[in-house]
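Right, one structure below, let's go through it.
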Amino acid sequence: MTSVFDPSKLNRRVRIERPVPDTSLDGAGSGTWELVKEVWAEVQDVLPSRGERLAEGINVAARPARVRIRYRDDVRSDMRLVLLRKGVPERIMQIVSGPATLGNRDGLELMVEDYRPAGNPA
């Protein structure tokens, strides 16, 4: 029987980070991110079929990707992933769907898209 999860495809390093709220009186919306763990992952970009449009409810303009990692029970949908290249952050991605368990707790699959903080970027 073949598994849905293939550990040999885990060829990229990602940092799993969780939000840490700022508890100061004037700190609303200015929290930070804390490292949970750095793990190996398979990152597969979702290819757009027609420019910028909604594909299965995910905005294709936001560079969606499917990410698979070994099973962990501490990954939640409010976390983010930081894709690393030679130890340097290359891409910051927010989890938009999942985590979904693969096989018999062999792995997790997450749908992510490029992270953009709310508000005016100017």
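Excluded from the calculations below are hydrogen atoms, water molecules and symmetry mates; all remaining heavy atoms, backbone and side chain alike, are included.
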## Note on the structure
Residues at least two apart in sequence or cross-chain that pass side-chain hydrogen bond (donor to acceptor under 3.5 Å, both in side chains) with D73, listed by chain then number, are none

Over all heavy atoms of both residues, which pair between [X] and [Y] is shortest? Give the atoms and the distance, please.
X	Y	value
P99	S77	CD-N, 4.3 Å
P19	M79	CD-CA, 4.4 Å
Y71	T101	CE1-OG1, 3.9 Å

Euclidean distance, [Y] [atom2] relative to [X] [atom1], rounded to 0.5 Å:
X	Y	atom1	atom2	result
E90	L84	CD	CG	8.5 Å
R63	D45	CZ	CG	5.5 Å
I16	L108	CD1	CG	8.0 Å
M111	R66	CE	CZ	5.0 Å
R76	D74	CZ	CG	8.0 Å
D6	L102	CG	CG	11.5 Å

### Query
Above 12 or not: heavy atoms from other molecules or residues under 6.0 Å from CG of N104?
no

#### Entry: R72, CZ: over 12 other non-hydrogen atoms inside 6.0 angstrom
yes

4.5 Å side-chain heavy-atom contact, [X] and [Y]:
X	Y	value
L81	V43	no
D114	M93	yes
V14	V39	yes

### Message
Check for me whether R18 meets the cation-pi criterion with W33, that is, NZ or CZ under 6.0 Å from the six-membered ring centre and within 45 degrees of the ring axis.
### Response
no

### Message
Salt bridge or not between E38 and R15? Use side-chain N to carboxylate O under 4.0 Å.
### Response
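Result for this pair is no, no salt bridge flagged.
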
